[in-house]
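Heads up, the thing below is written out as structure tokens.
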Amino acid sequence: MFAKPFIGDLSGHSDGVYCMAKHPKKLTTVISGSGDGELRIWDLSDRETKWKVVGHKSIVKGVCCSLTKDNLYFSCGTDKTVKIWNPDQSGEPLNTYVGKFAFSAIDHHRSDPIFITSGSQVDIWDENRSDPIKTFNWGVDTINTIRFNQTETNIFGTCGTDRTIILYDLRMNSPLTKSVLQMRTNAIAWNPMEAFNFTAANEDHNCYTFDMRKMDCALNVLKDHVSAVLDLDYSPTGEEIVTGAYDRTLRIYSARQGHSRDIYHTKRMQRIFCVKYSMDSKYVLSGSDDGSIRLWKAKASEKLGPKDYRERAHIEYQEKLIDRYKYLPEIKRISRHRNVPKVIKNAQNTKRIMLQAQRRKEENLRKHSKKGSIPYQVERKKPIVGIAK
């Protein structure tokens with residue numbers, strides 16, 4: 001009840017932090033991009049900037065780390081350029097790729113020197129060539145996010161402004177499948193342990209987990225946010241999901257449950273544009289519109305620093321006690337209690353009233369349809385309304 005999950009902030013950006021990426025091999029290294037075109041590489045242990053450069057003339061929309069070479073970083077922006085950086089060599093980019101349209105996201109292949117970009121179309125780039133080696137286009141206005149599957153490395157997913165989620169395969173010349181949701185998807189994240197599962201952050205305040213082999217229904221729906229979910233990320237274990245939303249809160253979910261186990265917020269934190277789990281699953285990072293990157297504990301009450309054998313045994317014993325008596329009313333009330341901002345609380349009450357009214361309306365329609373007074377026509381809100389293959 002008295003846990004303090006907030007550890008500290010990484011301040012230095014003068015504009016909102018729009019994108020962020022963690023290094024896959026360096027535990028304490030994170031790169032971020034802001035709205036004024038600035039790139040910064042952070043050391044999480046010291047909470048300081050190791051390297052910075054004004055890399056783009058406008059908003060940095062995507063950053064990623066090379067998975068084939070240790071110290072290469074990629075960035076893309078709305079100035080129609082993709083740049084490769086090596087902080088050890090100079091402040092100038094190693095290479096610059098110029099596209100036809102503004103870029104909205106970038107991601108790197110796990111084992112090959114290939115990266116993908118999104119914008120008005122999907123481009124596949126080779127690091128050694130100046131032009132795209134392949135282009136995908138399926139009638140989408142703009143593609144917001146693009147992500148490689150880290151297990152099935154040739155598969156990647158995109159989400160567009162026309163409410164679609166499209167899956168592609170590098171080995172094929174056409175997309176695999178296309179699904180249309182009722183509202184726009186802002187971000188997707190692949191489960192690092194379950195190769196076929198991914199989760200999509202949607203404008204309807206929910207996140208939907210899908211199996212790419214059966215896209216006609218969601219495996220799980222993550223609820224509790226009261227505004228559009230802007231970004232999400234899986235923990236390296238695949239057991240938990242962190243989400244950041246327009247309602248200025250950050251929530252942590254179990255991947256197999258529908259409601260959040262924790263909610264983080266501060267008075268000064270603005271709308272959250274990007275969130276990341278650390279590579280050891282112990283910390284969570286959030287980048288917001290106020291120009292700060294905040295560092296949180298993944299478990300709010302966990303003690304930082306080394307613990308001796310007796311202390312670890314005591315903590316494990318406490319956790320077993322809580323798990324044994326978790327269904328008792330008092331224990332359940334204490335474990336579920338969270339201090340939530342008044343604005344969020346009021347929005348939750350309003351949303352609950354609206355959902356209850358919708359359910360009552362559907363129940364009344366069912367009753368009337370049984371009596372034969374009016375035909376039974378109910379349009380329930382489903383995550384997917386159409387599929388094209």
Under a 4.5 Å side-chain heavy-atom rule over Ile, Leu, Val, Met, Phe, Trp and Tyr, are [X] and [Y] clustered together?
X: L230; Y: L232; value: no
X: L27; Y: L44; value: no
X: V53; Y: V82; value: no
X: F196; Y: L167; value: yes

Salt bridge or not for [X] and [Y], using N-O below 4.0 Å?
X: K326; Y: D323; result: yes
X: E38; Y: R40; result: yes
X: D247; Y: R251; result: no
X: E311; Y: K303; result: yes
X: D169; Y: R171; result: yes
X: K297; Y: E302; result: no
X: R333; Y: E330; result: yes

Keeping the roles fixed (side chain from [X], backbone from [Y]), state whether a donor-acceptor pair exists under 3.5 Å.
X: N149; Y: T151; result: yes
X: S58; Y: D79; result: yes
X: S66; Y: K69; result: yes
X: D280; Y: K282; result: yes
X: R147; Y: A189; result: no
X: H108; Y: C64; result: no

* Does the pair K61 and T78 meet the rule for a side-chain contact (heavy atoms from CB on, under 4.5 Å), with working shown? -> CA-CA 7 Å; K61 296 294 286 183; T78 54; 3.6 Å; yes
* To do: Sequence neighbours left out, what pairs pass ring-ring contact (aromatic ring centres under 6.0 Å, His included) with at least one residue falling in residues 339-359?
  =>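 Sorted result for residues 339-359: empty, none.
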* To do: Among residues two or more places apart or on two chains, list those pairs meeting ring-ring contact (aromatic ring centres under 6.0 Å, His included) that have a residue in residues 269-293.
  =>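 Matches after skipping sequence neighbours: Y18-F273.
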What do you reckon, is [atom1] of [X] surrounded by more than 12 foreign heavy atoms closer than 6.0 Å?
X: K134; atom1: NZ; value: yes
X: K223; atom1: NZ; value: no
X: K100; atom1: NZ; value: no
X: K25; atom1: NZ; value: yes
X: K351; atom1: NZ; value: yes
X: R271; atom1: CZ; value: yes

* Candidate pair T209 and T199, rule side chain to side chain donor-acceptor pair (under 3.5 Å), full reasoning -> CA-CA 4 Å; T209 301; T199 303; 3.0 Å; yes
* Sort out for me which residue in I155, N197, T177, I165 forms a side chain to side chain contact (heavy atoms under 4.5 Å, CB included) with M212. =>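 It is I155, the one option of I155, N197, T177, I165 that forms the side chain to side chain contact (heavy atoms under 4.5 Å, CB included) with M212.
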* To do: Go through V284 and I252 one step at a time and tell me if the side-chain contact (heavy atoms from CB on, under 4.5 Å) criterion holds.
  => CA-CA 9 Å; V284 169; I252 298 176; 4.2 Å; yes
Results of salt bridge (Lys or Arg N to Asp or Glu O under 4.0 Å) for [X] - residues two or more places apart only:
X: E92; value: none
X: D308; value: none
X: K342; value: none
X: D43; value: none

Can a donor-acceptor pair be found between the side chains of [X] and [Y] at a distance below 3.5 Å?
X: S32; Y: W42; value: yes
X: D15; Y: S34; value: no
X: N346; Y: Q348; value: no
X: N186; Y: R184; value: yes
X: T185; Y: R163; value: no

Just jot down the ring-ring contact (aromatic ring centres under 6.0 Å, His included) partners of [X], sequence neighbours excluded, or say none.
X: F198; answer: W190, F210
X: W296; answer: F6, Y264
X: Y253; answer: none

* Test E362 against N364 for side chain to side chain donor-acceptor pair (under 3.5 Å), laying out the working first. => CA-CA 5 Å; E362 292 177 1; N364 291 336; over 6 Å; no
* To do: Give the intermediate values and the outcome of side chain to side chain donor-acceptor pair (under 3.5 Å) for residues H56 and T81.
  => CA-CA 8 Å; H56 294 270; T81 59; 3.3 Å; yes
* Compare all side-chain heavy atoms of L295 with those of D9 and state whether any distance is below 4.5 angstrom. =>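 Answer no - side chains too far apart.
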* Asked: With sequence neighbours excluded, what pairs up with A105 under the side-chain contact (heavy atoms from CB on, under 4.5 Å) test?
  -> S118, I146
* Non-neighbouring partners of T350 that pass side-chain contact (heavy atoms from CB on, under 4.5 Å), sequence neighbours left out ->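 For T350, the residues satisfying side-chain contact (heavy atoms from CB on, under 4.5 Å) (neighbours in sequence not counted) are M354.
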* To do: Check step by step if side-chain contact (heavy atoms from CB on, under 4.5 Å) holds for S111 and L67.
  => CA-CA 7 Å; S111 56; L67 300 177; over 6 Å; no
* Quick one: do D36 and S14 satisfy side chain to side chain donor-acceptor pair (under 3.5 Å)? Show the steps, please. => CA-CA 7 Å; D36 58 354; S14 58; 2.6 Å; yes
* To do: Please lay out, stage by stage, how R213 and D211 fare under the test salt bridge (charged side-chain N to carboxylate O under 4.0 Å, His left out).
  => CA-CA 5 Å; R213 299 166 295 183; D211 188 328; 2.8 Å; yes
* Asked: Can the ring centres of F74 and Y97 be said to be less than 6.0 Å apart?
  -> no
* Asked: What's the verdict on side-chain contact (heavy atoms from CB on, under 4.5 Å) for N202 and L181, showing C-alpha distance, side-chain angles and the deciding distance?
  -> CA-CA 9 Å; N202 203 269; L181 279 67; 3.2 Å; yes
* Enumerate the residue pairs fulfilling salt bridge (charged side-chain N to carboxylate O under 4.0 Å, His left out) with a member in residues 227-242, sequence neighbours excluded, ordered by first and then second residue. =>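 Pairs touching residues 227-242 that pass the test: K22-D233, E239-R256, E240-R261.
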